[in-house]
Amino acid sequence: MANTKEIKSRMNSVRDIQKITNAMYLIASTKMRKAKNELDKTRPYFGALQGEIKRIFRTAGNVESKYFYPADGSRTLDHTYACLVITADKGLAGAYNQNAIKRAERLLSEHPDTKLFVVGEYGRQYFRKHHIPVERSFLYTAQNPTISRAREISSILLDLFDRNEVDKIFVIYTDLKSSLEGEAKSTRILPFHRQQFVSNVEEKAVKSPFEFFPSIGSVLDNVMQSYVTGFIYSALVDSFCSEQNARMAAMNSANQNAEKILNELSVRYNQVRQAAITQEITEVSSGAKAQRKKRLKRQLEEVEVS
């Protein structure tokens, strides 16, 4: 059994780790609040974009665009896919990274001809170790999602789509469903279905059609490029918030486990300490008893001599 010094040293080590996990919890909560505020500031703009796309379809419902499935309902070819996988740069976030990677592996098993674009060092290292080719990885984007980085990613993916090198584009990210959990999602962002921009609410028909320059198709294509950028930015921020939320949950669980370990060590420390005190009392009592016996024996010997 460990002595009191060893138990005390272990308790100090656990307290030091608890300080680290508590600090990580506070940092994660601060980052999540900041990211949510940034996302809330940009949502009105992309909401307005979606409204303009709906307006275009109300003006000319049969408009054709390379970013949408054909109006006659026919499907595009399913040759090469592009998939943006959003992971974190670090671990210590529960199953956050693994859930996104499982989604990516499922897509690869269903459609092997898929080009991977990875956000986050964790995902890049995972695919490298498992010898899964990655078309391109975006460094530092996971820890600092900004609209400029979302625009950089979308321009690369849109360029491949415009040159017909990929037929579909997917984004795998983690959606923060609630403060308790996040859900890994796989969403196709290109091509779009027209029904995504058809409102269920009856709206007034456009009596005086808008004028679009140079054409309604060109305007729609330009708006859709901005919309794709907005979706990717939203996915980056949503994943970042989910990562911080998962890290908060992991650190909170670590704090609770540390408290449990400290309680167990405290009980064991008291038991060992009490055992040591009892041992000392026993030794003192035994020593005193031996001394009494020794004195009594000496007195008996002196009586016999006299």
Side-chain angles (χ1 to χ4, degrees), residues 6-44 46 84-103 118-126 137-150 152-153 171-185 230-269:
E6 292 173 346
I7 296 175
K8 199 73 173 177
S9 177
R10 176 79 187 280
M11 292 174 68
N12 290 333
S13 298
V14 173
R15 288 193 183 98
D16 290 340
I17 295 174
Q18 192 177 29
K19 291 178 182 178
I20 295 173
T21 56
N22 188 55
M24 292 178 68
Y25 177 91
L26 296 175
I27 292 171
S29 63
T30 302
K31 287 183 177 180
M32 185 175 70
R33 285 197 300 270
K34 183 179 178 182
K36 279 186 174 180
N37 290 335
E38 292 296 326
L39 182 61
D40 290 340
K41 291 178 183 178
T42 59
R43 274 179 175 162
F46 295 107
L84 177 67
V85 184
I86 302 176
T87 63
D89 286 335
K90 303 174 183 178
L92 298 176
Y96 167 80
N97 290 301
Q98 285 300 320
N99 289 338
I101 288 173
K102 285 179 181 178
R103 280 280 184 177
V118 180
V119 172
E121 183 66 16
Y122 191 99
R124 189 183 73 84
Q125 291 291 343
Y126 179 89
S137 58
F138 301 94
L139 301 179
Y140 311 115
T141 304
Q143 289 298 313
N144 186 22
T146 60
I147 191 65
S148 60
R149 291 182 176 178
E152 175 191 353
I153 295 171
V171 176
I172 294 177
Y173 67 104
T174 305
D175 179 31
L176 186 61
K177 294 175 61 179
S178 67
S179 60
L180 298 177
E181 62 174 337
E183 179 185 6
K185 287 187 175 182
F231 186 93
I232 291 176
Y233 175 67
S234 177
L236 288 171
V237 176
D238 203 3
S239 294
F240 181 75
C241 291
S242 298
E243 175 198 348
Q244 303 308 321
N245 185 69
R247 182 164 290 114
M248 286 169 60
M251 294 303 102
N252 184 55
S253 178
N255 284 333
Q256 292 177 356
N257 289 335
E259 284 293 335
K260 184 178 178 181
I261 293 172
L262 285 173
N263 290 335
E264 293 175 353
L265 288 175
S266 180
V267 171
R268 193 184 308 172
Y269 175 82

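- Closest of all the heavy-atom pairs between S242 and D175 is OG-C, 3.6 Å.
- Across P145 and Y233, no two heavy atoms sit closer than the pair O-CE1, 3.8 Å.
- A side-chain contact (heavy atoms from CB on, under 4.5 Å) with I86 is found for one member of F138, F240, Y173 and no other, namely Y173.
- Atoms CD1 and CG, on I17 and N255 in that order, are 11.0 Å from each other to the nearest 0.5 Å.
- Separation of atoms NZ (K102) and CD1 (I172) is listed at 13.5 Å; rounding is to 0.5 Å.
- Side-chain N or O atoms of T87 include one that pairs as donor or acceptor with a backbone N or O of V119 at under 3.5 Å.
- Rounding to the nearest 0.5 Å gives a distance of 8.5 Å between OG1 of T146 and CG of L236.
- Side-chain contact, Y122 with Q98: a donor N or O sits under 3.5 Å from an acceptor N or O.
- Of all the heavy atoms in A100 and A184, the pair that sits closest is N-CB, 4.0 Å.
- Formation of a donor-acceptor pair under 3.5 Å by the N22 side chain with backbone atoms of M251 is not found in this model.
- Contact detail for G120 and D89: the closest heavy-atom pair is CA-OD1, 3.3 Å.
- Judged purely by atom type and a 3.5 angstrom limit, S239 uses its side chain to pair as donor or acceptor with the backbone of T174.
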**Request:** May I have the step-by-step check of side-chain contact (heavy atoms from CB on, under 4.5 Å) for L262 and Q18, ending in yes or no?
**Result:** CA-CA 10 Å; L262 285 173; Q18 192 177 29; 3.6 Å; yes

**Request:** Go through R247 and K31 one step at a time and tell me if the side-chain contact (heavy atoms from CB on, under 4.5 Å) criterion holds.
**Result:** CA-CA 11 Å; R247 182 164 290 114; K31 287 183 177 180; over 6 Å; no

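- Note: I7 CD1 to L265 CG = 7.0 Å, rounded to the nearest 0.5 Å.
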**Steps toward salt bridge (charged side-chain N to carboxylate O under 4.0 Å, His left out) verdict (E6, R10)** = CA-CA 6 Å; E6 292 173 346; R10 176 79 187 280; over 6 Å; no

**Derivation and outcome, side-chain contact (heavy atoms from CB on, under 4.5 Å), residues E243 and Q143** = CA-CA 10 Å; E243 175 198 348; Q143 289 298 313; 3.1 Å; yes

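- Formation of a donor-acceptor pair under 3.5 Å by the R124 side chain with backbone atoms of S137 is not found in this model.
- The backbone N or O of A95 sits less than 3.5 Å from a side-chain atom of N99, completing a donor-acceptor pair.
- Within the 4.5 Å cutoff, the side chain of M248 has no heavy atoms near those of the N252 side chain.
- To the nearest 0.5 Å, atom OG1 of residue T30 and atom OH of residue Y25 are 10.5 Å apart.
- In this structure a side-chain-to-backbone donor-acceptor pair under 3.5 Å is missing from S234 to G230.
- Judged by distance alone, the side chain of N97 and the main-chain N or O of A88 form a donor-acceptor pair under 3.5 Å.
- Under a 3.5 Å cut-off, the side chain of N263 and the backbone N or O of E259 do form a donor-acceptor pair.
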